[in-house]
Each structure stands twice: as C-alpha cells, then as structure tokens.
Amino acid sequence: MTAAMPAVSVVIPVYNEQDVLPALFDRLYPVLDAIGERYEVIFVNDGSRDRSPQLLAAQYRLRPDVTRVVLFNGNFGQHMAIMAGFEQVRGAIAVTLDADLQNPPEEIPRLVAAIRAGHDYVGTIRKQREDSAFRRIASKAMNRLRESITRIQMTDQGCMLRAYDRALVDTLNACHEVNTFIPALAYTFAASPTEIEVAHEERFAGESKYSLYKLIRLNFDLVTGFSIVPLQWFSLIGTLLSLGAGALFVLLMVRRFVLGAEVEGVFTLFALQFFLIGIVLFGIGLMGEYVGRIQQEVRNRPRYRIAAVLEGPVAAASTLAPAAAAAEPIGVPR
Ligand code: UDP
Ligand code: MG
C-alpha cells in the first residue's frame with residue numbers, strides 16, 4: 001500500500017438526486033474527514049436528467065483532492081453504476097452507500113472497523129427499516145426465496161450500505177455480468193463475511209427510483225443470476241403433474257368401465273386446464289429469463305458507457321459556470 005493510496009473509497013450511485021445531494025455532501029464529508037485517513041468519494045451519475053451532474057461537478061471542484069465523478073451517458077441501473085465505481089476504486093476498503101441518505105454516512109467508520117477486524121465483506125441489517133409496508137413485506141418474501149434457492153446467507157439483502165476489502169473488489173471487477181446484484185455476487189466470493197446492524201432513515205427527499213417493474217426485474221436478476229434451482233423445481237413440478245395425470249387417466253378408465261360414459265364436469269375441466277396452462281406459461285417465461293440472460297452475456301457488449309470522469313486537480317475549466325461544466329465535463333473523456 002502506498003502513501004497515496006486512500007484507506008477508504010466510498011462509492012455512491014446517483015440517479016436524479018438533486019434534492020438530496022447538498023444534504024449528502026454536508027453529512028458525508030465531515031464523517032470521512034473525522035476518520036483522519038486518506039479517503040476518496042466516487043460518485044457515479046447514472047444518467048440523471050435533473051441537476052445532479054451539475055451538483056456533482058460543483059462538489060468535485062470544491063473537494064477535487066478527495067472526489068471523483070463518473071458520468072454515464074445514460075441510465076444503466078444502480079448495480080451497473082456501482083460496478084463502474086468499483087473500477088475506479090483505489091482504496092484498501094470500498095464502502096457503498098445510497099445517495100438518498102437512507103444509509104446514514106455516520107455508520108461508515110463501523111463498517112471500516114469490521115473490515116479491519118479481519119472480514120473481507122461486511123453486510124448490514126437495517127435495525128428499523130424506514131420503507132413502505134409493501135416494500136418491507138415483499139423484501140422479506142424475497143429474502144426467504146433467496147435463502148431457499150441459493151447458498152447466499154444474508155439477513156437483509158436489500159441494504160446497500162456495505163463494505164468490501166480490496167481483493168474482493170478486484171474479484172468483482174473481474175466479473176462482467178450484465179445484470180447483477182452486487183451484495184449477492186460479493187457474497188459468493190467472500191471468505192469471511194460478517195453482518196452488522198445499522199440505522200436506516202427515510203429517504204431525505206425525492207422518491208424511490210425503483211418502480212414496481214424495476215423491483216421485479218431486480219429480483220429476477222437475483223433469482224436467475226445466482227441459482228438454477230427454479231428450473232430444477234420446474235422439472236420436478238412437471239414430473240409430479242405427469243404422474244398425477246397418469247393416475248387420473250387410470251382412474252377415469254376404471255370409472256368408464258365400472259360406471260359407463262360420463263360427461264359431467266366440463267367447468268372443472270376448464271379450471272384444471274387453465275391452471276395447467278398457467279404453469280406451462282410460467283415455465284416458458286422462467287426459461288426465457290435464463291435464455292435472455294445467456295443472450296445478454298453472449299452478445300458481450302459493453303455494460304455501460306462513460307461520458308467523462310472528473311478527477312485530479314481542477315483545471316482552468318473550473319471557471320466555467322456549473323451548468324456548462326457538467327455539459328462539457330473536465331476530466332478524461334472515455
Ligand atoms: N439509483 C441509480 N440508478 C437507478 C436507480 C437508482 O443509480 O436506475 C441510485 C439512487 O440514486 C440511489 C440508490 O441507487 O442512490 C438507491 O435508489 P433508491 O433510494 O431509489 O432505491 P430504494 O431505497 O427505494 O430501494
Ligand atoms: Mg432509497
């Protein structure tokens with residue numbers, strides 16, 4: 001480790017967070033300054049359409065020594081933004097944080113301490129989760145499903161306030177999956193993971209950037225990206241249904257000979273058919289999820305595109321007005 005290498009790199013994905021960013025800067029930097037070690041904050045702007053890039057550029061100009069800003073040229077999703085941030089990490093420990101202040105920056109020193117205690121991955125459990133009842137219940141159900149189909153043991157998979165040691169970040173950087181779920185991916189490689197309880201707050205301002213659709217997609221990524229157990233369950237269901245159908249056939253045959261021709265029960269037959277067709281369609285959809293995943297991997301396209309990285313000493317361009325600076329960002333064009 002060289003003297004210039006930061007002890008801690010904080011990675012923060014940002015998507016339309018203009019109302020939150022000033023408060024985040026006000027809370028985050030004092031916490032990191034108080035640690036008394038070199039640090040860096042890496043913001044990844046995930047194609048925000050509000051003033052977030054301008055605010056990030058202004059913060060970079062204020063603290064260029066400890067701030068780096070990666071500007072995506074589109075919206076590639078929270079997990080891709082974190083992956084892009086990880087590629088920039090120079091520190092010995094990486095901490096991920098949401099921009100909306102749901103994860104209190106004041107918890108960072110405890111995460112760092114847990115890594116220093118010898119763990120390579122520190123997960124978190126939100127003591128009292130400040131989200132809607134629907135999100136809490138759905139998330140509990142998904143946690144349980146994940147427990148049953150993968151060997152990933154996380155009490156609270158959704159909390160993104162986490163810490164990773166350098167070697168683990170390098171391993172994650174070697175993964176080039178298109179749609180992924182970083183806490184789970186990291187867990188599969190971690191040698192000595194641990195979990196600590198952290199506080200959770202309500203979103204400081206603005207709204208959740210996850211629509212119901214995006215949440216469902218994310219959970220499919222978690223399920224199909226880390227396990228083929230759903231497919232195996234499906235072949236099991238298919239086998240059981242075939243056995244059941246065979247038994248029914250024998251029963252109907254016997255009744256045909258004992259009782260004679262029967263034509264009652266047409267609606268029952270419909271209901272049964274719809275149920276079975278539903279299962280078949282679900283199975284095709286499930287297969288499609290896996291096939292789609294394979295297709296995305298095989299295409300092997302770049303996962304995101306970086307418009308610019310703001311880093312290093314602020315150049316003369318810093319005299320630009322904030323809006324102009326973000327439109328024409330200083331830094332290394334990619
Ligand atoms: N985010 C992002 N890209 C997206 C959606 C979200 O970078 O497409 C960021 C967002 O700015 C925030 C974090 O990911 O920093 C978590 O998002 P949010 O708070 O909306 O999710 P929730 O807490 O509702 O799960
Ligand atoms: Mg949030």
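Both counts, for ligands and for their atoms, begin at 1 and track the order of listing.
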Near [X] [atom1], under 6.0 Å, is it more than 12 heavy atoms from other residues, nucleotides or ligands?
{"X": "Tyr210", "atom1": "OH", "answer": "yes"}
{"X": "Glu207", "atom1": "CD", "answer": "no"}
{"X": "Arg299", "atom1": "CZ", "answer": "yes"}
{"X": "Tyr290", "atom1": "OH", "answer": "yes"}
{"X": "Lys214", "atom1": "NZ", "answer": "yes"}

List the closest protein heavy-atom neighbour of [atom]: residue, atom name, distance to the nearest 0.1 Å.
{"atom": "atom 23 (O) of ligand 1", "result": "Gln102 OE1, 2.7 Å"}
{"atom": "atom 18 (P) of ligand 1", "result": "Arg203 NH2, 3.5 Å"}
{"atom": "atom 5 (C) of ligand 1", "result": "Lys209 CB, 3.6 Å"}
{"atom": "atom 9 (C) of ligand 1", "result": "Pro13 O, 3.8 Å"}
{"atom": "atom 21 (O) of ligand 1", "result": "Tyr210 CD1, 3.4 Å"}
{"atom": "atom 24 (O) of ligand 1", "result": "Ser208 OG, 2.5 Å"}

Next item on the list: Name the orientation class of the two ring planes belonging to Phe72 and Tyr304 (parallel below 30°, tilted from 30 to 60°, perpendicular beyond 60°).
Entry: parallel
Notebook entry, point to check: Parallel, tilted or perpendicular for Tyr121 and Tyr164, by the 30°/60° rule?
Noted result: parallel
Check: Any N or O on Glu207 sitting closer than 3.5 Å to an N or O of ligand 1?
Finding: no
Notebook entry, point to check: Counting both backbone and side chain atoms, is some N or O of Ala99 under 3.5 Å from an N or O of ligand 1?
Noted result: yes
Give the numbers and elements of all ligand 1 atoms closer than 4.0 Å to a heavy atom of [X].
{"X": "Glu17", "result": "10 (C), 11 (O), 12 (C), 15 (O)"}
{"X": "Arg135", "result": "22 (P), 24 (O), 25 (O)"}
{"X": "Gly77", "result": "3 (N), 8 (O)"}
{"X": "Gln78", "result": "1 (N), 2 (C), 3 (N), 4 (C), 7 (O), 8 (O), 13 (C), 14 (O), 16 (C)"}
{"X": "Asp100", "result": "19 (O), 23 (O)"}
{"X": "Asp98", "result": "13 (C), 15 (O), 16 (C)"}
{"X": "Asn75", "result": "3 (N), 4 (C), 8 (O)"}

Next item on the list: Could you walk me through whether Gln59 and Thr67 pass the side-chain hydrogen bond (donor to acceptor under 3.5 Å, both in side chains) test, one step at a time?
Entry: CA-CA 8 Å; Gln59 179 63 19; Thr67 308; 4.8 Å; no
Checklist line | Any Lys214 heavy atom less than 4.0 Å from ligand 1 | finding: yes
Check: Does Ser208 bring an N, O or S atom to within less than 2.8 Å of the Mg ion (ligand 2)?
Finding: no
Check: Of the backbone and side-chain N, O or S atoms of Asp100, does one lie nearer to the Mg ion (ligand 2) than 2.8 Å?
Finding: yes
Next item on the list: Using side chain to side chain donor-acceptor pair (under 3.5 Å) as the criterion, list what pairs up with Asn179, not counting sequence neighbours.
Entry: Gln296
Next item on the list: Would you mind checking if Glu197 and Arg110 are paired as a salt bridge, meaning a charged N to carboxylate O distance below 4.0 Å?
Entry: no
Check: Got a salt bridge between Arg136 and Glu130, using NZ or NE/NH1/NH2 to carboxylate O under 4.0 Å?
Finding: no
Notebook entry, point to check: Which bit of Met160 is near ligand 1, meaning a heavy atom under 4.0 Å away: side chain, backbone, both or neither?
Noted result: neither
Item checked: Selection residues 222-240 - residue pairs positive for side chain to side chain donor-acceptor pair (under 3.5 Å), sequence neighbours left out -> Thr224-Arg293
Next item on the list: Would you mind finding which of Asp46, Val44, Val20 brings a heavy atom closest to atom 3 (N) of ligand 1?
Entry: Asp46
